[in-house]
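Reading through the C-alpha cells given below for one structure.
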Number of protein chains: 2
Amino acid sequence: MELNNRKKREKEQRRKAILKAARKQFFERGFKAVTVASIARKAELSKGTVYLYFKSKEEIYAQILLNDIDKFHERTLDVFQKSGIASEMLRHFADVYIDFFLNDRELFRILMIFMLHIDSMKFSEELNKHLIRTTNKTINVIESIFQYGIDKGEFPPDINVRQSRNAIWGLLNGVISLHLFTGKELMREQKIRSSVRVGLDTLIEGLTGVQVMDNKNFSSK
Amino acid sequence: MELNNRKKREKEQRRKAILKAARKQFFERGFKAVTVASIARKAELSKGTVYLYFKSKEEIYAQILLNDIDKFHERTLDVFQKSGIASEMLRHFADVYIDFFLNDRELFRILMIFMLHIDSMKFSEELNKHLIRTTNKTINVIESIFQYGIDKGEFPPDINVRQSRNAIWGLLNGVISLHLFTGKELMREQKIRSSVRVGLDTLIEGLTGVQVMDNKNFSSK
DNA sequence: TGACCTTCGGTCATATACTGACCATAATTC
DNA sequence: GAATTATGGTCAGTATATGACCGAAGGTCA
C-alpha cells in the first residue's frame, strides 16, 4: 500500500521515540544494562513494536552511534568553508572536535573504547565495519586539509600526509582521552582547548616546518 | 484492552483532527455541501476511520455546535464573578455574548436559523433536544441574574423574571441578527456594542424601574 | 414518466500496526 | 551443576485504519 503522509509521519515519530528513549538509556547505563523492554516502556510502545522498527537491540545502538558520528562528520566539513588557510582549518577542526565531544562525552567514551579494544567489543561485523568506515571519513577530513595545504603551497610538498593526519588525530584523542579517563574529568573546558591549541601548533610546525601565526583570538566563537 | 496514555492521546488527536477539519468546512460551506469524504481527506484519515470516531455526519456537526455553545455558556458564567451588581452583570453578559458571536458569526447564523426555523431544520430529534437544552442553559443565566437582582434588593420583587429574560435575550439577538442578516455586515463592532448598551440600559430601566448608572467606562476591557 | 447517471452517507472485508505472553538461552544464585 | 532469573527475540491474537462497495436520493434527458 502507498503510505500517505500521516502514516509516514507517525512511523517516523515512533522511530524517533525509540531512538530517543534508547539513546538516553544507553548513554546513561551502557549497552548491556539497558533492556529492550525498558526502551519500549520509555517510548510508550510494546517490545514487539520496537522489533517492528529495528531488527535487534544492537541495531538500535548502531543507528544511534552512526547517526551521532555522522552529525559530527558533517560539522567538520565546515572547516573548508570558514578559511582558506590550512593551519586555520586544522585549528577549526580541533575546535569542532572538542565542542562535539565535550557535549557528548559518552559517545566519545564509547568510540574510544571501540577504537582501543576493537577486538573485545562484541558488536557485529556489520556494525564494526560501519563504525570504522564512518570514523575514517572523519579522519580523512584531516588528511584533506593537509593535502589542501600542500596544493596551495602553504605546506611543503614532501610532508607525509598520512603520518601527519595520524599525528593530529592522535593528539586530539590523546588530550580528550586523558580528560575523560583519568581522574581529571573536572579539568576546565578552556584548559583542554588551550592544551590542544598549543599541542596543535607545535605539531603542525614540527610536521610541516611552517611557523603557525600566533592568533590568540582564533578560538573565540 | 486497557488503553495506555499514548493510545488515548492519539485517539483524542484523531477526534480533534476530524472535528477541526469538519468545523472549518461546515462553517465555510454549510452542512449539506460538505461530504464526509472531504472531512476525512482534510483530517488525513479514511472515510471508514471517521465512522470509527463518529456514528454519523450529523453527529460530527452536533458535537461541533454543542461544544461551541458550551464554551460560550461557560464564559457567560463569569458574570457572577466579576460584579455583585445585577445591572452590571447584564452588561457583562451582553459583552460576552457580543464578543463570542462576533468571533464566530457562522455559529450564530446557524443557531439563529435553528431557532427561527426549528421545524424546517432536518436535524435529528436528539440534536434538536440537545440544542434547545444547551441554548436554554444560556438563556437561564439571564434569568438568574434577574433573580439575583431581586434577592439583593436591587430590582423590585414583583418584576416578571421570565419576561425580562426574554426581553434581554430578544434585544441581543435582534441587534446581532440585524447585523448578520441585513446588508449591514460591515457595521463596526463598536457600533454594535454601543447600540446594545443603550438598548440594554433602557430595557433594564423599563423592566425594573431601576435607573442604571451611566458608567461609560464599563465596557473597556 | 421512467430509464439512466451521479453523488454521497454509511458498511464491511481486508490490510496494517501494535501488543504482551511465550520461548530459548545465557547469566546468576545457591 | 541444578535451579532460578533475566532478557533478546518471536508470533498469534487484537486493535485500528482503509477504501471498494452498496443502496438511496436526486438529477438529467428523451
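Letters A, B, ... are given to chains in the order of the sequence lines, protein chains preceding strands, and every chain is numbered from 1. Atom set for the values below is all heavy atoms of this structure, side chains included, hydrogens, waters and symmetry mates excluded.
Base engagement by B:Leu52 is indicated by at least one non-hydrogen atom pair under 4.0 Å involving a base atom. Residue B:Thr35 is in sugar-phosphate contact alone, with no base atom involved, counting any heavy-atom pair closer than 4.0 Å across all strands shown. Among the heavy atoms of the strands, none lies under 4.0 Å from B:Arg41. Within 4.0 Å (heavy atoms only), A:Val50 reaches no atom of the nucleic acid at all.
For the atom pair CD1 of A:Ile176 and CG of A:Leu102, the computed distance is 6.5 Å after rounding to the nearest 0.5 Å. Atom CZ of B:Phe80 sits about 9.0 Å away from atom CZ of B:Phe93, to the nearest 0.5 Å.
At whole-Å resolution of the value, CD in A:Glu58 and P in D:dG8 are 12 Å apart. One interatomic measurement links the two molecules: CD of B:Glu10 to C1' of C:dT19, which rounds to 14 Å at whole-angstrom precision. One can place CZ of B:Phe31 at 10 Å from C1' of C:dG9, the figure rounded to the nearest angstrom. For A:Tyr53 and C:dA17, the OH to P distance is 7 Å, given to the nearest whole Å. Distance, A:Ile18 CD1 to C:dT19 C1': 13 Å, rounded to whole Å. Going from atom CD1 of A:Ile60 over to atom C1' of D:dT7 covers 13 Å, rounded to whole Å. Between the NZ atom of B:Lys32 and the C1' atom of D:dG27 there is a distance of 11 Å, given to the nearest Å. One atom, NZ of B:Lys11, and another, P of D:dA15, lie 10 Å apart when rounded to the nearest Å.
The phosphate of D:dT18 (OP1 or OP2) has a side-chain N or O of A:Arg6 nearer than 4.0 angstrom. Side-chain nitrogen and oxygen atoms of B:Ser46 include none within less than 4.0 Å of the OP1 or OP2 phosphate oxygen of D:dA17. Side-chain nitrogen and oxygen atoms of A:Lys47 include none within less than 4.0 Å of the OP1 or OP2 phosphate oxygen of D:dG9. Checking the phosphate oxygens (OP1, OP2) of C:dT19, a side-chain nitrogen or oxygen of B:Asn4 falls inside 4.0 Å. A close approach under 4.0 Å does occur between a side-chain nitrogen or oxygen of A:Arg14 and OP1 or OP2 of C:dC18.
The pair B:Glu12-B:Lys8 does not count as a salt bridge, with every side-chain nitrogen at least 4.0 angstrom from each carboxylate oxygen.
When the nucleotides C:dT16, C:dG10, D:dG8 are ranked by their closest atom to the side chain of B:Lys57, C:dG10 comes out on top.
Remark: the B:Thr138 side chain and the B:Thr135 side chain contain no N/O donor-acceptor pair separated by less than 3.5 Å.
Note: B:Tyr97 and B:Trp169 meet the aromatic proximity criterion, with ring centroids under 6.0 Å apart.
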